[in-house]
2 protein chains.
Amino acid sequence: MDIKIVDVAAKAGVSPATVSRVLNESSSVTSKTKAKVMKAIEELGYHPNAVAKNLRSQKSMTIGVIVPDINASYFAEIIKGIENVAYARKYKVIICDAENQKEKEAEYLTLLMNRTVDAAILIAPLMSDEEICQISEKGYTLAVVGRYIEHDRIPCIYTDNVKFSKEVVQHLVENGHRDIVFLSGYAEAIDSYERLEGYLKALRDYHIPFRPELIENGNFNEGGGYEAMKRLFDKNLHFTAVFAANDEMALGVYKACAERGIAIPSQLAVVGVDNNRISKYITPTLSTVNQPKYTMGALLVEKLIDQMNENQFHDKRTFKVDSELIVRGSSNFRRE
Amino acid sequence: MDIKIVDVAAKAGVSPATVSRVLNESSSVTSKTKAKVMKAIEELGYHPNAVAKNLRSQKSMTIGVIVPDINASYFAEIIKGIENVAYARKYKVIICDAENQKEKEAEYLTLLMNRTVDAAILIAPLMSDEEICQISEKGYTLAVVGRYIEHDRIPCIYTDNVKFSKEVVQHLVENGHRDIVFLSGYAEAIDSYERLEGYLKALRDYHIPFRPELIENGNFNEGGGYEAMKRLFDKNLHFTAVFAANDEMALGVYKACAERGIAIPSQLAVVGVDNNRISKYITPTLSTVNQPKYTMGALLVEKLIDQMNENQFHDKRTFKVDSELIVRGSSNFRRE
DNA sequence: AAATAATTTGAAATCGATTTCAGGATAAAT
DNA sequence: ATTTATCCTGAAATCGATTTCAAATTATTT
């Protein structure tokens, strides 16, 4: 462990520079000296110090990823996409869990950007667009998944929230629903806003009057969805369908319905977003929107690495991908 | 971004050493010079280069965690435990996903150990005990969760597989089952072995003859559980309960039963292990064994950091924690 | 065989911080 | 006022690799 490159050099009877050369194949060395060096490395059990190497070469061949919550399967798939492409391109990936805390997100980003990694990918970041742009301006390499960013050096990939939201409402309306609850995530999230926008646009298309009392906030989590539904039930409002801005909240809807003896989908149709693993296993199976998570991660990191290698900024920097509605048991019911 | 400590020093009219001192509060500086330095840092937007810092100070205040699969919720909880305790102790945590590939696990471990982190935690490692010990012998600081390791410098935490396996079988026998299928994980895994051991011991306690044909392998995943059950059904064996060595395989059992029209729990009782999130949502709810995942992560990292700080090895290095059986719908049925 | 070109190699500089050691300034004690 | 102790500060060494530049070696050409 305390063996350094000079030790190897001494043992092999060469200079540290030569050892470095065989280590990195950076320039040619005689097969004879190479053999000597290899032998010394082997015998001493030498492992190069990555920190020293990174300091001198000013790169780490590592990409950092910051996720809001490592527990959410939604992010896991994106990470898989990132990891696989990065790995194929000789980059390693390290992941940091911000645990839904803005402060932690910032701290981990600082940790990563202080030259520990060559670039950082922010997944569904908690921080604002301005903060992200500021960091990029300082010269750090960033990329964002799950949000559109207006900055010509930050590649980003995101889904068309408005589009799929409209499709969800369309699907519900075509199954006879007109009074559709919208369970939004937390208000600051751009996703919440856009999904709501799609909901409103679809209503307008069908000339269905908008009832603001049918909008409730569920903070993107199960408990939030449950509480929101309880509030709605208590108000005795009339509605026949719920569009939850993610599957987690939809689970809360299921729970609230179970408590009140309301049958899904005959009495209440439910649609979520994310295609969580659970959505396929719960009874009834949950209709949801599937986003191409793996592809999003893969595509973005591909772009990012290209940009780093070419050291120039391409025309095509932002990617909007489509999601698809998956109709399952919770909404597959025609209301007369 | 290109601002270095010398630039700050120049601007503040002090030496780099002084800048370093105010940065790290390593020794006292006059409030006047401190103010000058702070001002210069602020105005230049200086961020210290972590790589240089780590190289000189020979530490990173960072702990690396390698997981076999970032998608498995089982590991996410452990990571949460690690992260929270580490964070409270001023350590950052970075996570690497080995994607169930031994080769990737080794590569990431190399990446981490080449001084990028102060210590690495291996969660349910794929590599052998010998390999782990060898790495420790080289002077790297390691810890392991999910496996007992015979090495006096490697803290580890693991559950008593034999004990809870016995409890599961006991529960089934007391509900009238005598022909209990055991679905094991992959054969090399020590967990598989120990869970089987508990199963066998319990049978012996109840004087139930062991039927080797009731042991099937399911590779710890859903597809494996499904295939294994199909094989068992096709053989036309008599059994009334299945003990799956994890919940994933139990999901496969559910699927196979649904296809054959076999009712759970009346025709077949099922028990899993892990207390996956899905186990609570599936119908019928799945009986399972809950392991104190969060605590395992938290306890281990606490121990690890203590050990690093004290720079000595404590007497109590290994922790065996207990798991609890959670009886739910899939086995809560008394057979006459 | 001598001159030239191409290839290997090593010495020393470098990456950007921390830390040691000694000197200078200030405060306390005589 | 002088001596002694304490506190601040800076110059230079250091962490462990890579990289540049020049020297030394080998290969090629005349």
Side-chain angles (χ1 to χ4, degrees), chain A residues 1-38 40-41 44-62 110-111 113-118 138-140, chain B residues 1-38 40-41 44-62 110-111 113-118 138-140:
Chain A
M1 156 101 155
D2 288 306
I3 293 135
K4 296 174 285 184
I5 198 168
V6 291
D7 302 320
V8 175
K11 175 134 192 165
V14 299
S15 76
T18 299
V19 177
S20 171
R21 280 187 267 258
V22 332
L23 240 31
N24 300 289
E25 294 169 336
S26 50
S27 75
S28 53
V29 288
T30 313
S31 57
K32 208 187 293 176
T33 46
K34 184 172 175 180
K36 281 194 299 186
V37 171
M38 296 290 249
I41 288 173
L44 294 171
Y46 167 73
H47 283 270
N49 181 320
V51 177
K53 175 177 181 138
N54 294 350
L55 175 60
R56 178 63 235 233
S57 55
Q58 301 283 42
K59 62 178 185 226
S60 62
M61 295 304 282
T62 305
T110 306
L111 172 76
M113 300 316 316
N114 285 342
R115 324 296 202 297
T116 327
V117 297
D118 295 342
K138 282 186 182 164
Y140 299 118
Chain B
M1 158 99 156
D2 289 306
I3 292 134
K4 298 173 282 184
I5 199 168
V6 290
D7 302 319
V8 176
K11 174 136 195 163
V14 298
S15 75
T18 300
V19 177
S20 170
R21 278 187 268 257
V22 333
L23 240 32
N24 299 289
E25 295 170 335
S26 51
S27 76
S28 52
V29 287
T30 312
S31 56
K32 207 187 297 176
T33 47
K34 184 173 174 179
K36 283 193 298 186
V37 172
M38 296 289 248
I41 289 173
L44 293 171
Y46 168 71
H47 283 269
N49 181 319
V51 177
K53 177 180 180 135
N54 294 350
L55 175 60
R56 178 64 237 234
S57 56
Q58 301 283 42
K59 62 178 183 232
S60 62
M61 295 303 281
T62 304
T110 305
L111 171 77
M113 301 316 314
N114 285 342
R115 320 302 200 294
T116 327
V117 297
D118 295 341
K138 282 185 182 165
Y140 299 117

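First the proteins, then the strands, lettered A, B, ... as listed; each starts at 1. All values derive from a computational prediction rather than experimental measurement.
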Sequence neighbours left out, what passes side-chain hydrogen bond (donor to acceptor under 3.5 Å, both in side chains) with Ser15(B)? Give chain and number order. Thr18(B)

When the distance from NZ of Lys53(B) to C1' of dG16(C) is rounded to whole Å, what number comes out? 12 Å

For the atom pair NZ (Lys53(A)) and NZ (Lys59(A)), what is the distance rounded to the nearest 0.5 Å? 8.5 Å

Go along nucleotides 20-25 of chain D 5' to 3' and tag each nucleotide: B for a protein heavy atom under 4.0 Å from its base, S when only backbone or sugar atoms are that close, - otherwise. B-----

Please say whether more than 12 non-hydrogen atoms of neighbouring residues, nucleotides or ligands are located less than 6.0 Å from CE in Met38(A). no

Using a 4.0 Å heavy-atom cut-off, does Val14(B) contact any base of the nucleic acid, only the sugar-phosphate backbone, or nothing at all? sugar-phosphate

Tell me the interatomic distance from Leu23(B), atom CG, to dT19(C), atom P, rounded to whole angstroms. 12 Å

To the closest 0.5 Å, what do you measure between CG (Asp7(B)) and CG (Leu44(B))? 7.0 Å

Check whether any side-chain heavy atom of Tyr46(A) lies under 4.5 Å from a side-chain heavy atom of Lys11(A), and answer yes or no. no

Between Tyr46(A) and dG16(D), does any side-chain N or O lie under 4.0 Å from OP1 or OP2? no

side-chain N/O Thr30(B) vs dC7(D) OP1/OP2, d < 4.0 Å: no

Regarding the side chain of Val29(B), the nearest nucleotide among dT9(D), dT8(C), dG16(C) is dT9(D)

Measure the CD-CG distance between Gln58(B) and Asn49(A) for me, rounded to the nearest 0.5 Å. 7.0 Å

Round to a whole Å and report the spacing from CD1 of Ile3(B) to C1' of dA17(C). 15 Å

Nearest-angstrom distance from the residue atom CD1 of Ile41(B) to P of dA17(C): 10 Å

Per nearest nucleotide of DNA chain D, the residue lying toward the 5' end, Ala52(B) or Ser28(B), is Ser28(B)

Residue whose closest nucleotide on DNA chain D lies nearer the 5' end, Val19(A) versus Pro16(B): Pro16(B)

Candidate list Thr116(B), Asp118(B), Leu55(B), Val51(B), test side chain to side chain contact (heavy atoms under 4.5 Å, CB included), partner Ser60(B), passing option: Asp118(B)

Does dT18(C) have OP1 or OP2 sitting under 4.0 Å from an N or O in the side chain of Ser57(B)? no

Does dG10(C) have its OP1 or OP2 closer than 4.0 Å to a side-chain nitrogen or oxygen of Thr18(A)? yes

Rounded to whole angstrom units, what separation is found between the CD atom of Glu25(B) and the P atom of dT19(C)? 14 Å

Check this one for me: any side-chain N or O of Asn24(A) less than 4.0 Å away from OP1 or OP2 of dT18(D)? yes

Rounded to the Å, how far apart are Lys59(B) NZ and dA17(C) P? 17 Å

Whole-Å distance, Leu44(B) CG to dA17(C) P, equals 12 Å

From CD1 of Ile5(A) across to C1' of dC15(D) the rounded distance in Å is 14 Å

Do the side-chain N or O atoms of Gln58(A) get closer than 4.0 angstrom to the phosphate oxygens (OP1, OP2) of dT19(D)? no

For Lys34(A), enumerate each residue passing the side-chain hydrogen bond (donor to acceptor under 3.5 Å, both in side chains) test, keeping only those at least two apart in sequence or located in another chain. none

With a 4.0 Å cut-off on heavy atoms, is Ser20(A) in touch with a base, just the backbone sugar-phosphate, or nothing at all? base

